[in-house]
Each structure stands twice: as C-alpha cells, then as structure tokens.
Amino acid sequence: GYGSPEKATTSLNYYGVSKEIDYILEDNKLKHNKYLPGMKIPIYGRNKLNGNMPDKVLILAWNYAEEIKKNNKDLNTEFISIKDLEK
C-alpha cells in the first residue's frame with residue numbers, strides 16, 4: 001500500500017483487502033516504523049524497498065493518487081487507487 005491516511009483502516013476493512021497488504025509506504029516521516037491503527041500493517045519510508053518493489057501498489061491516500069504516481073515514476077510499478085476498486 002501507499003499512504004496511510006486515517007481513512008485507510010476503514011477502506012481496507014470495507015473492501016476486505018487488509019490481509020493482502022504486507023506493508024505501507026508513507027512519505028510522512030512521523031509515521032515511519034509505526035503501524036496502521038487497528039491493524040498490524042507496518043508503515044515504512046521508500047528506503048525500506050531497497051530496489052525490491054512489488055508489481056502493484058494500492059494507493060490508500062486516493063485523494064493524492066495523481067501526485068503519488070507522479071512523484072514515484074522511478075519505482076516502475078503499477079499504482080492502483082483504492083477508489084478504483086469501486087468500479
């Protein structure tokens with residue numbers, strides 16, 4: 001996952017995908033090395049990847065989806081907004 005807004009926990013539970021998320025990448029350093037509230041999903045910075053990027057990343061901060069995609073083009077992965085799951 002990418003981004004850990006307050007609404008992430010609710011969204012992951014609503015869509016039933018929380019067990020498929022191994023970790024969350026977050027730009028806000030204050031959230032690094034913590035866990036998503038109510039879940040045991042760790043939150044890391046991009047440096048945790050060490051070149052080991054998954055094929056797909058679920059954007060949990062959907063209101064920043066375009067900015068996240070733009071700022072992370074170098075990661076060479078497919079970004080999917082959690083809002084896309086509604087379709």
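Hydrogens, waters and symmetry mates are skipped; everything else that's a heavy atom, side chains included, is used.
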**OP:** Let me see the working for M39 and L12 under side chain to side chain contact (heavy atoms under 4.5 Å, CB included), right down to the final yes or no.
**Re:** CA-CA 10 Å; M39 304 182 149; L12 289 173; 3.8 Å; yes
Original post:
Which atom names give the shortest non-hydrogen contact between P5 and L60, and what distance separates them?
Top reply: CG-O, 3.7 Å
Subject >> salt bridge (charged side-chain N to carboxylate O under 4.0 Å, His left out) against E67, all qualifying residues, sequence neighbours excluded >> reply: none
Subject >> I24/K31 under side chain to side chain contact (heavy atoms under 4.5 Å, CB included): CA gap, chis, key distance, verdict >> reply: CA-CA 10 Å; I24 294 174; K31 296 181 180 183; over 6 Å; no
Original post:
Looking at I82 and S11, what are the two nearest heavy atoms and their distance?
Top reply: CD1-CB, 3.6 Å
**OP:** Flag yes if more than 12 heavy atoms outside E6 fall under 6.0 Å of its CD atom; otherwise flag no.
**Re:** no
Subject >> Donor-acceptor pair, side chain of T9 and main chain of P37, under 3.5 angstrom >> reply: yes
**OP:** Spell out, as yes or no, whether a donor-acceptor pair under 3.5 Å connects the side chain of K40 to the backbone of L36.
**Re:** no
**OP:** Output the distance between atom OH (Y35) and atom CD1 (I43), rounded to the nearest 0.5 Å.
**Re:** 10.0 Å
**OP:** For residues I41 and Y23, report the shortest heavy-atom separation together with the two atoms involved.
**Re:** CG2-CA, 3.8 Å
Original post:
Between the main-chain N or O of E26 and the side-chain N or O of H32, is there a donor-acceptor pair closer than 3.5 Å?
Top reply: yes
**OP:** Mind checking side chain to side chain contact (heavy atoms under 4.5 Å, CB included) for T77 and listing every partner two or more places apart, or none if nothing turns up?
**Re:** M53, V57, L75, F79
Original post:
Are any non-hydrogen side-chain atoms of Y64 and I59 less than 4.5 angstrom apart?
Top reply: no
**OP:** Taking all non-hydrogen atoms of both residues into account, name the closest pair between G3 and A61 and its distance.
**Re:** CA-CB, 4.3 Å
**OP:** Indicate the atoms forming the closest heavy-atom contact of N71 with D74, along with that distance.
**Re:** O-OD1, 4.0 Å
Original post:
Roughly how far, to the nearest 0.5 Å, is the OG atom of S81 from the CG atom of L58?
Top reply: 7.5 Å
